[in-house]
Amino acid sequence: MQNINFIPIDYNNFDYEGKNYFNIIGRDDKGKRISLIDNLEVYFWAIFNEGTKEKKINEISEEIAEIKIRGKNGDSKVLKTEIYEKNFLGKNYKAIKVFISNYKDAREIAKKIKFKEIFKIREYDIPYTTKYILEKKLRPLNWYEIEGSVLSDSEEFGGIQNIEVDLCLKLESFKEIKKEDFHPKVLAFDIETENFEIGKGEILMISLVGENFKKVISHRNNSHHNFFEKVKNEAELIEKFVYYVKKNSPDILTGYFSDGFDLPYIKSRAEKLKVELNLGLDNSTPKFRKGAVLTGRINGIVHLDLFKFIKTVYSQYLQSETLKLNDVAEELLGEKKHVWEFIPINKIDSDKWDEFFEYNLKDGELTYKLFQKIWADIYEFTTIIEEPLFDLSRYSMSNLVENYIIHNLDKYNEITEKKPPNESIKLRREEGKYEGAFVFQPIAGLYENLVFFDFTSMYGSIIVSFNLSKESYIEKKDKNVTEVDIGRKVYFSKDTGFFSKMLKDIIKKRKEYKKEYNKNPSPLLKARSNAFKLLSNASYGYLGFFGARYYCREAAASAAAIARSQIKTAISNIEKKGYKVVYGDTDSISFLQGNKTKKDIHDLLDEINSKLPGIMELDLEGFFKRGIWVTKRTGEFGAKKKYALLGEDDKIKIKGFETVRRDWCDLARKTQNKILELILKDGNEKRALEYLKKIINQLKRREINIKELIIRTQLKKPISNYKSISPHVSIAEKMKKIGMDVSVGTLIEYYISESNDKKSLIRERAKLPDEKGIYNMEYYLKNQILPAVENILEIFQINVNELFDGERQRGLVEYG
DNA sequence: GTACACTACATACC
DNA sequence: ACTGGTATGTAGTGTAC
């Protein structure tokens, strides 16, 4: 027997003699790598109809206990059955816990259970590792004091000793210990290749970066850099890569988009060159699961693709216009990639290779630093959701919410609902949209002294306060229900269900950790508070997501209906007090402060809050010196979701305008931005108009750099799927033709050039940024600059089209 | 041959 | 397919005159 302190990192399962076992890889507190072998009694639930007689339950239970099938890997059977009182969707039932020999056959065995008294069979579809964590409560990235028997010298489990660890134990007992600190051993990697398509062309070099470790390996050229290591060919390059991974013995091997590029590329080349890519601790090769996107798994080492985690957890907060390593690193680290122009490798001068190696190393370094930067978030999410790092880092928002629910259901004695089968997903999607948020119709104009109120976690607080969820939804009107009109009347029980309780807890924790963070700021507390915020925000979307286990369209539609009614009530209450409401969107209201004091505003807020239902809360977002709203391009109404504000700190906040849209050229965006800024700061249009005049003159004199005129549009689907060939699709076709990297998600860049044929389509005048040509002045004036500013200046009765366009061109010089 | 309505698409807001 | 609906606005496409 041996006692150690242990932190679980990676969970693997294996079969031995027809039974399922776990091999949990982690560290002890001395940094030694440990493998922990454990088994799990696997089971699922068979739930009885209400009122089934005790005798019948016992009979059926005995019958089920006899089930045997020919399973995937030999004979499989029910081991035993036990009867419990359980809850399912908030209601109490008798249920049989059906223990089986091999979890892989759970579905098949469940199919054999056919009794009219049994109305649901559940939990045969919970991933095995999730099941293990739920049952044993040996959670990822928590510390445990472990007692285990040493397996290293035994032949047990068919030679488990072949795993490259310091110690292998069979788990006997454990208890959780309080310890929050864990710094994993991390190795970042990045490759450069001859081709962008997986496996086509050689890998030219691989960089590896860890703590006090930097390496670039290549067979292509020599270098005097001390981080450089020369190998003789590509095969040896891959071997060296494996060698250094093993030598570093990382807990985590991280890359940026490495699920989709680096790892599959290496695997493909290794297969071609017949090199053993035995990265796993059991010397296995990485295994890829082909879902919508590839997922590469290495046994015992967590392969973590930073891109995926950043996409789900960070992207909505990032300002970057793409999620490419360069943009994300610049925003999060303040560091950019090196500049390297990709040219065919035979055209790289021998003295240029050093630059290429440096470029490769920098990518590795950025990836490593990015990992360290966001580790707090990954760590917090892992411990909050209680899912293994490997899976967690790849989860979508709905996966995160759902797994939080699954891992918290036992507090409510609940049996987990199943995943919707494909047929119900189809039906759910056919139900179509339901009515969503209310947006206030603004009147275009420049306003002074604005106040912004907003509801804190509005949808979440409504779901909690009105108990909206699948389990509380009732088909028929009953007593003790909440009635909501979503086009038809729907009803929800007032007996608080687990969904509302869980969400209430999430919102409460978010508040606590935010408070704690403000008192005592640390990356970990910030990450914790942020994780709960994201979970709370996503819970409403989860209710309306067709793939959710706890999907409830009625609950989602009701949350939206109540939100509409609550914001309208708040608006009318503010108006009744004599304020003029200017704008509002979903959960926010903006109105004029007028001659009232800040204290008046706070009193108003308190008064509204005293009447709000449940845990709903209205908050003061801030005061603003000025705000501008414009009309829509078509029609005289004020445009929704487009406005700009000047804060008390003189900071400008711009929403929805072309300035913040990446599919407009920089010149139009910068010009509009400057004009908004000048108008907001001056309170009139004089200087803004001067500025516009200057820019337009530059444009007409062809003094604008083509870089300012590049339009960027993302390719959202494969080129062939487009019904309508817009400029960016046409450019994408052109790029593909000349062998450039174009794939779904690529940001296509182009500019519009002059052409003799006035009638030609815009796409026919679109050119690649480095393609020769002169910019189309008329296009940039009429389709970029003027549209971006006309509705703003229209507020001051200025018609920019008359001022600056066409034959009135000469008037421009005379103006002002 | 042009004008206009409609559709497809991208991207924002919350 | 991988949380929801609301909204603006461009460019292409189709059709009426």
Side-chain angles (χ1 to χ4, degrees), chain A residues 291-293 295 308 311-312 316 321 394-402 419-420 422 425-426 428-429 432-442 454-455 457-460 463 534-548 550-553 555-557 559-561 563-564 567 583-589 621 630-635 637-643 653-664 668 711-717 721-730 747-748 752 759-766 779 782-784 787-788 791:
Chain A
V293 269
T295 303
K308 286 194 174 158
K311 195 173 155 198
T312 5
Q316 60 168 312
E321 279 170 14
R394 288 168 175 79
Y395 278 161
S396 66
M397 220 54 226
S398 67
N399 286 151
L400 291 173
V401 174
E402 191 152 282
K419 276 191 205 157
N422 286 338
I425 289 187
K426 200 167 160 259
R428 288 174 179 187
R429 301 189 72 190
K433 286 187 173 187
Y434 54 85
E435 190 181 346
F438 166 76
V439 188
F440 188 94
Q441 174 64 67
D454 63 5
F455 286 93
S457 315
M458 192 192 210
Y459 282 82
I463 291 165
L534 283 170
L535 284 176
S536 135
N537 287 348
S539 294
Y540 155 73
Y542 175 81
L543 280 180
F545 168 50
F546 54 78
Y550 292 98
Y551 170 82
C552 183
R553 193 177 182 274
R564 288 194 301 273
I567 194 172
Y583 186 62
D585 186 346
T586 313
D587 60 354
S588 73
I589 304 167
E621 210 223 86
V630 300
T631 57
K632 291 210 296 173
R633 187 104 57 237
T634 49
F637 286 115
K640 296 171 176 179
K641 299 184 188 286
K642 270 182 107 170
Y643 59 95
K653 203 171 166 178
I654 295 178
K655 296 285 173 184
F657 273 109
E658 284 76 1
T659 303
V660 297
R661 295 181 59 96
R662 70 168 177 198
D663 55 351
W664 283 70
I711 297 163
R712 297 173 191 85
T713 314
Q714 194 181 30
L715 198 70
K716 307 279 272 190
K717 49 188 179 184
N721 290 10
Y722 280 90
K723 287 182 195 160
S724 170
I725 310 301
S726 43
H728 80 288
V729 180
S730 149
L747 201 58
I748 308 292
I752 306 301
K759 301 268 158 22
S760 70
L761 291 168
I762 291 165
R763 67 161 177 253
E764 285 158 12
R765 286 174 276 168
Y779 174 84
K782 278 192 170 174
N783 297 36
Q784 292 278 328
N791 299 77

Applying side chain to side chain contact (heavy atoms under 4.5 Å, CB included) to A/Q714 and A/I748, what does each step give before you reach the verdict? CA-CA 6 Å; A/Q714 194 181 30; A/I748 308 292; over 6 Å; no

For A/I762 and A/I752: C-alpha separation, side-chain torsions, deciding distance, then whether side chain to side chain contact (heavy atoms under 4.5 Å, CB included) applies. CA-CA 7 Å; A/I762 291 165; A/I752 306 301; 3.5 Å; yes

A/L534 and A/L400: CA distance, side-chain angles, deciding distance, side chain to side chain contact (heavy atoms under 4.5 Å, CB included) verdict: CA-CA 9 Å; A/L534 283 170; A/L400 291 173; over 6 Å; no

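Taking atom CD1 on A/I748 and atom C1' on B/dT11, their separation rounds to 16 Å, with Å as the unit. Atom CZ in A/R661 sits about 6 Å away from atom C1' in B/dA10, given to the nearest Å. Regarding A/F438, its CZ atom lies at a distance of 15 Å from the C1' atom of B/dC13, rounded to whole Å. Residue A/K655 contributes atom NZ, which lies 18 Å from atom P of B/dT11 at whole-angstrom precision. Rounded to an integer number of Å, the gap from A/I711 CD1 to B/dT11 P is 12 Å. Distance A/K653 NZ to B/dA12 C1': 15 Å, rounded to the nearest Å.
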Polar pairs (N or O, both sides) under 3.5 Å between protein and nucleotides 5-8 of chain B?
none

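If you check distances only, the side chain of A/R662 never reaches the base of B/dT11 with a donor-acceptor pair under 3.5 Å.
Here A/I725 lies in heavy-atom contact (under 4.0 Å) with sugar-phosphate atoms only. Here A/Y434 lies in heavy-atom contact (under 4.0 Å) with sugar-phosphate atoms only. Here A/N783 lies in heavy-atom contact (under 4.0 Å) with sugar-phosphate atoms only. When heavy atoms are screened at a 4.0 angstrom cut-off, A/K433 is found touching base atoms of the nucleic acid. Residue A/G436 is in sugar-phosphate contact alone, with no base atom involved, counting any heavy-atom pair closer than 4.0 Å across all strands shown. Among the heavy atoms of the strands lying under 4.0 Å from A/A437 are primed sugar atoms or P, OP1, OP2 only; no base atom is included. Note on A/Y551: nothing from the nucleic acid sits closer than 4.0 angstrom, heavy atoms only. A/R633 comes within 4.0 angstrom of sugar-phosphate atoms only, judged by non-hydrogen atoms across all strands, and of no base. Residue-level contact check: A/G547 touches neither bases nor backbone, having no heavy atom under 4.0 Å from any strand. Contact annotation for A/Y550: no contact, since no heavy-atom pair falls under 4.0 Å across all strands.
Here the side chain of A/R763 pairs no donor or acceptor atom with the backbone of A/S726 at under 3.5 angstrom. The main-chain N or O of A/G638 is found under 3.5 Å from a side-chain atom of A/Q441 such that the two form a donor-acceptor pair.
Between B/dT11 and A/K641, no contact under 4.0 Å exists linking OP1 or OP2 to a side-chain N or O. Contact check, A/H728 against B/dC9: no side-chain N or O comes under 4.0 Å of OP1 or OP2.
Nearest heavy-atom pair across A/R564 and A/G436 is NH1-O, 2.7 Å. Between A/I567 and A/T586, the shortest heavy-atom distance links the atoms CD1-O, 3.4 Å.
Aromatic ring orientation, A/Y540 versus A/Y459: tilted (interplanar angle from 30° to 60°). Ring pair A/Y722/A/H728 is perpendicular by interplanar angle, where above 60° counts as perpendicular and below 30° as parallel.
Of the N and O atoms on the side chains of A/D585 and A/S588, not one donor lies less than 3.5 Å from an acceptor on the other residue. Side-chain atoms of A/N791 and A/T631 form a donor-acceptor pair, as typed in the model, at a separation below 3.5 Å.
Taking 4.0 Å as the cutoff to heavy atoms of chain A, we find the contact window on DNA chain C bounded by C/dA1 to C/dT13.
Defining each end axis of the helix from B/dG1-C/dC17 to B/dC14-C/dG4 as the rotation carrying four pairs' C1' atoms onto the next four, with five pairs an end, the two axes are found to diverge by 10° to 10 degrees.
Salt bridge A/E402/A/K419: absent, no basic N to carboxylate O contact under 4.0 Å. Using a 4.0 Å cut-off between a side-chain N of Lys or Arg and a carboxylate O of Asp or Glu, A/E658 and A/R633 qualify as a salt bridge.
Between B/dT7 and C/dT3, the distance separating the two P atoms is 29 Å to the nearest Å.
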